[in-house]
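One structure is given below, encoded as structure tokens.
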Amino acid sequence: MVYDIVATNREQTVHWLDRFIEELRRIRDDIDNHDREELFTQIAKTELDYSAYLLGAIGRREESVGVDTAGLDFSSMLVGQAMKDKIDQMSEGSEERVRERELESRLKRDI
């Protein structure tokens with residue numbers, strides 16, 4: 001099926017591949033030039049755009065989608081909101097297991 005899509009949309013596929021390659025080169029240049037501020041800015045912007053996409057902002061746009069950043073913190077910008085949510089879930093589960101063990105330990109002492 002992928003072959004049929006690419007074969008029938010050859011021009012569009014090449015166009016988007018060229019744009020993707022151009023963006024990868026720009027990121028590579030930022031890394032290679034040790035432009036830490038620009039690299040951080042681009043990564044943060046990309047994360048905000050990705051979060052907006054996950055919240056339903058899809059399609060072409062001429063400027064960045066306004067995202068409510070009140071709920072975002074530095075860790076979500078570093079690892080992404082989806083990964084941060086997963087880490088939070090794992091932490092909560094771990095904390096719950098610790099509380100259960102402590103409760104079991106207390107109950108055993110009381111018996």
* Asked: Is the shortest side-chain N to carboxylate O distance from Glu100 to Arg97 below 4.0 Å?
  -> no

* To do: Kindly determine whether Glu104 and Arg101 satisfy salt bridge (Lys or Arg N to Asp or Glu O under 4.0 Å), including the steps that lead there.
  => CA-CA 5 Å; Glu104 287 175 11; Arg101 285 188 200 126; over 6 Å; no

* Take Ile43 and Glu47 through the test side-chain contact (heavy atoms from CB on, under 4.5 Å) and record every step on the way to the result. => CA-CA 6 Å; Ile43 289 171; Glu47 177 55 34; 5.5 Å; no

* Asked: Are any side-chain N or O atoms of Asp32 and backbone N or O atoms of Arg28, one a donor and one an acceptor, separated by less than 3.5 Å?
  -> no

* Asked: Out of curiosity, Leu55 CG to Tyr50 OH, how far, rounded to the nearest 0.5 Å?
  -> 11.0 Å

* Arg99 and Glu102 ion-paired at < 4.0 Å -> no

* Asked: Does Asp29 come within less than 4.0 Å of Arg25, counting only side-chain N to carboxylate O?
  -> no

* Check the pair Glu22, Asp18 against side-chain contact (heavy atoms from CB on, under 4.5 Å), reporting the backbone distance first and the verdict last. => CA-CA 6 Å; Glu22 179 182 322; Asp18 286 343; over 6 Å; no

* **Gap between atom CD of Gln42 and atom NZ of Lys45 - 0.5 Å precision** => 6.5 Å

* More than 12 heavy atoms of other residues, nucleotides or ligands under 6.0 Å from CD of Glu37: is that the case? -> no

* To do: Mind checking the CG-CG spacing from Asp49 to Leu54? Nearest 0.5 Å is all I need.
  => 11.0 Å

* Asked: Which atoms form the tightest heavy-atom contact between Thr13 and Val6, and what is the distance?
  -> OG1-CA, 4.0 Å

